[in-house]
Amino acid sequence: MSYLKKRIALFLCMVMAFTTVFCVIPQKEVQAATKVSLWWNFGDYNSKVKEAEIELGAKDLYLGDYITASGSIYYGCLSNNSGATYSSSNKNVIVIDKKGKITAKKTGTATITVKFKGTTGKCKLKVVKSLASAKKAFGEEYSNYEVAKKAAENFVAAYGNGITTKNRYNVLQAYKDYAKNWVPTVYADYSNTSKTSYQIIEPILGRASACAYMAYEYGRTRNPMGTIQSKQFKIKSIKGQGTKVTITLKSKVTEEQLVGIQYAGIYSDEIVAKKTSTLYVPMYIAEKDWTNPTTVIATVKKGSNQITIKTKKLKKGKTYRIYGGTGGGWLGYGSGNPNTFKAK
């Protein structure tokens, strides 16, 4: 697994872990138990080195785009939250306002202090005249640098003021392109020694990353196959016979639910990033004790109250369990939905 895939996998595992805790713990308990951690997105997530280089004259550079806050509650990028405060140790070099916007006044170094939900974090920012040497450090990845930058620009442009009913398919397509072409262009080790340096390369990439957190959250809360009970498919019954399984829902599939499924599968290429009335969603069927799992494709149609699945021939009288689904969670988790059936 590549370094990039590891980082994406870790990020998604963190998100799913935090959202699961959020679903099962009462709100007051969550708030009381929350211990916030700050993750510096321009550095290795396991490194204690919080150091970055920024280019003199960089515009629209918000430090919050490069910091992720997490705990029992997942907050996403700090640029998406109010309440974070910033200060600079050397205002002659770097000035940072209340929103986290950085103005690099001259070359030099300053320590930025960030406070959020009672947690304090510090990072050292060095202002340099050019990041050309840092860009060269990407080697093979640098050949994709311009493609990734363009994908990020298109995503930010499509996002506009947020995801709306009118623009959500355009945002979805832009998000898919961004996710597909994203490379860790805010991270590099260009030192010939054992010391590792980390750089912020392009403000637009940080802004796209912040938008990606918001888009992911949008999809998570609208994913009808996930763990958010208010949006989840409400299942009436599950029947299986021969090579066909039919899930009957209590209400018809809406367009918003189709959108939610597409957003939820963005990183795994399991979606069709366009307006469509039918989706084909990967799921799993196993025997009740989780043995002999089989990957299947569920057909979900707008306006239908049934989800159909083609599978290998079922054994009559055998109890099976349906689980998985694009982007998250057990089908029926936490909502009292059935996820087992006995084959006829």
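What you see is a predicted model, and the numbers here were worked out from it, not measured in a lab.
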Any side-chain heavy atom of Val147 sitting closer than 4.5 Å to one from Lys149?
no

Could you tell me if the side chain of Ile204 sits less than 4.5 Å from the side chain of Val156, heavy atoms only?
yes

Classify the ring geometry between Phe116 and Tyr75 as parallel (under 30°), tilted (30 to 60°) or perpendicular (over 60°).
perpendicular

Under 4.5 Å between any side-chain heavy atoms of Leu258 and Val253, yes or no?
yes

Check step by step if salt bridge (Lys or Arg N to Asp or Glu O under 4.0 Å) holds for Glu255 and Arg168.
CA-CA 11 Å; Glu255 184 174 326; Arg168 58 191 179 187; 3.5 Å; yes

Side-chain touch Phe341/Ile322, heavy atoms, less than 4.5 angstrom:
yes

Would you call Lys126 and Glu55 a salt bridge, using N to O less than 4.0 angstrom?
no

Evaluate the side-chain proximity of Asp177 to Phe155: yes if any heavy-atom separation is below 4.5 Å, no if none is.
no

Less than 4.5 Å apart, any side-chain heavy atom of Leu249 and any of Ile235?
yes

In the structure I gave you, are the side-chain heavy atoms of Thr109 and Val93 within less than 4.5 Å of one another anywhere?
no

Could you please spell out the steps behind the ring pair (Phe, Tyr, Trp, His ring centres under 6.0 Å) verdict for Tyr263 and Tyr218?
CA-CA 8 Å; Tyr263 267 97; Tyr218 175 91; 5.2 Å; yes

Does a side-chain heavy-atom distance below 4.5 Å link Ile67 with Trp40?
yes

Are Arg321 and Glu287 ion-paired here, with the side-chain N under 4.0 Å from a carboxylate O?
no

